[in-house]
Amino acid sequence: MAEQKSMHGLWRSRWLFILAATGSAVGLGNIWKFPYIAGENGGGAFVLVYLLCICLIGIPVMIAEVTLGRLGRQSPINTMHALVKDQGAPKFWGGIGWMGAIAGFLILSFYSVIAGWSLAYVIRMAGGVFDGATSDSVGATFGDLLANPEALLGWHTIFMVLTIGIVSRGVNKGLEKAISVLMPMLFLILLLLLGYSMSTEGFGLGINFMFSFDFSKINNESIIVALGHAFFTLSLGMGAIMAYGAYMPQKASVGKTVLMVAGLDTLIAIIAGLVIFPIVFTNGLEAGAGPGLLFQTLPLAFSQMPAGTLFGTLFFLLVAFAALSSAISLAEPVVAWAVESKGMSRVSAATWIGIIIWLLGIGSLLSFNLWAEYTLFGKNFFDVLDFLTANIMLPLGGLLIAVFVGWVMNGKDVQEEVRMESPLMYTVWRFILKFIAPVAVVIVLVNGLIPS
Ligand code: PFF
C-alpha cells in the first residue's frame, strides 16, 4: 500500500510512542486486576500461564497490531477497511475494527468506575482515614464506598470528564508530557512499596504464592482468564494499539519497540503482585478477595509506614493517572473514527462518545450495590462486561488480527512495514503469528467456553 499520512498527528519520536503505548498498557490491569485475578485463581500456575500467553500470543499479536496501524494511519475501523480493499480480502475482515470499537466502549464504561475508586482513595488517604488502620477497618471503609452509589457516580463522572477532556485536545498536547513524568513516579512508588513488603514477615509466603506452580489449581476458566488478561494488560485485540501505531513515526522498528512496552508492562504487574501478596499474608487477609484486593491491602501498608499518608495519597493519585493514560487509548479509536468518517470535530466526537460510555458505566457501578443481585450465570453486570470483553472479545480480536496479518495479507507488504532488523527474528515472529498464536487462542476459547 502506498504510504499514508495520519490526520491526527504523529508521536514526535519512537520514544514517545513507547511512552504512550506503555501508558496505555500500564493501568488498572497491572495494579488492580492482575493481583486480584492471580489471587482468585490460586497464584503461581496462573502467573505462569499468563506469562506464557504474553510471550507466545501477546507480543506477536502486538507487533501485528502496531504494523496494521502504521500501514493504515487511520482509526482502526478505517485502517481495516483500507487494508481489506488494498489486499483484496473479503469485506468481513473489516469487522476487526468494529468489534474493537465496541469492546473499547464496554471496557471504558467499567474501567472508569474502578478508576473512580482510586480517586476516592486519594481523598480518603489524604484525610487520614487509614491512620492506625486494621484489616477490619480497611475492609469496612471499602465496603462503605461500594455501598454508596452517589459517591461512586461522582467519581466515575470526574474520571470520564478528565478522559474526554484529554482525548478532545488530541494526543500531542499535554498527554505526552504528563506521561513522561508521572509514569516514572508511579514506578518509583511501587519500588518503595516493594521495599516495604520485603520487610514484612509474609514476603516469603507472597513469593511462594506467586511463583510456586500448583497446577491442580488451574482449570479451563482460569486459563481463559489468563489469556484474556494478557490481551487486556497489553491493550490488545481492540484497536487501541492499532490506533497508537497509526501515529508512530515511519522509521522506528516495531519489534524492539513492542518488546520494550510488553517488558515494562509485565514488570509492573509482577511488582504489584510482589507488593500486595506479602501484605495479604502478613495481615491474615484473603488472597481471593476479588476486585477490592488492592484497596484492602495497600492502605494497611501505608498506615504502618513512615510518611504513609503522603505516599498513600500520591500512590492512589498515580494509579488514577495510570488509569487515565489507559482510558484515553480506549476512547481514541472510536473518537478518531467519528472525526474521520462522521465529519465531527474532535471535541464533539469525544463528548458524545463520552456521554454514552458514562451512561453505560452506571450499570457497572450499580452492580456493586443496588443491582448486586441481578446476575447472569452468577455474574453481575460488571462481571459480565469484564468477562465478555477481556476473555472473549479481546482474544477473538487478537485471533482475527493474527490470521489477517499471518495468512490473509501479502507477506512482502508485512515484512516491509514491520522492519525487523534480524531476518531470524522476523521468521520466528511470523511462524508464531501464523501457527502458534491462533491455534492457542482457539484451543483456550473452545475449552473455556464449551462446558465439559
Ligand atoms: N491495558 C490497560 C490496563 O492494563 O489497565 C487496559 C486497556 C487499555 C485495555 C486499552 C484495553 C485497551 F485497549
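Start at 1 and go down the list; that is how both ligands and their atoms are numbered. The analysis underlying the following values was restricted to heavy atoms, covering all of them including side chains, and did not include hydrogens, waters or symmetry mates.
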### Query
Nearest to atom 2 (C) of ligand 1, what protein heavy atom do you find, and at what distance?
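It is Ser24 O, 3.3 Å.
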### Task
For the residue pair Phe34 and Tyr50, categorise the inter-ring angle as parallel (less than 30°), tilted (30 to 60°) or perpendicular (more than 60°).
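Tilted, since the angle between the ring planes falls between 30° and 60°.
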Within the 4.0 Å heavy-atom shell around [X], which atoms of ligand 1 are there?
X: Met238; answer: 12 (C), 13 (F)
X: Leu28; answer: 5 (O)
X: Leu330; answer: 8 (C), 10 (C), 11 (C), 12 (C), 13 (F)

### Message
Can you tell me if Gly104 contacts ligand 1 (heavy atom of the residue under 4.0 Å from the ligand)?
### Response
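The answer is no, since Gly104 has no heavy atom less than 4.0 Å from ligand 1.
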### Query
Is the closest heavy-atom distance from Tyr111 to ligand 1 below 4.0 Å?
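Right, Tyr111 reaches ligand 1.
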### Message
Under 6.0 Å between ring centres: does that hold for Phe368 and Trp117?
### Response
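Yes: the rings meet the under 6.0 Å criterion.
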### Query
Under 6.0 Å between the ring centres of Trp32 and Phe295?
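Judged by ring-centre distance (under 6.0 Å), Trp32 and Phe295 do not meet the cut-off.
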Polar-atom distance check: [X] versus ligand 1, any N or O pair below 3.5 Å?
X: Gly29; value: yes
X: Ala25; value: yes
X: Phe232; value: yes

#### Entry: Step-by-step side chain to side chain contact (heavy atoms under 4.5 Å, CB included) determination, Leu68 to Met409
CA-CA 10 Å; Leu68 286 178; Met409 281 181 74; 3.6 Å; yes
### Task
Please assess Met80 against Ile96 for the test side chain to side chain contact (heavy atoms under 4.5 Å, CB included), listing each intermediate value before the final yes or no.
CA-CA 7 Å; Met80 286 313 299; Ile96 293 178; 3.7 Å; yes
### Query
Side chains of Leu394 and Phe232: closer than 4.5 Å at any heavy-atom pair?
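Contact flag for Leu394/Phe232 side chains = yes.
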### Task
Pick whichever of Ala331, Ala323, Ser235 has a heavy atom sitting closest to atom 10 (C) of ligand 1.
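Heavy atom nearest to atom 10 (C) of ligand 1 belongs to Ser235.
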### Message
Would Lys217 and Phe46 count as a cation-pi pair here, with the cationic atom under 6.0 angstrom from the ring centre and within 45° of the axis?
### Response
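No cation-pi geometry.
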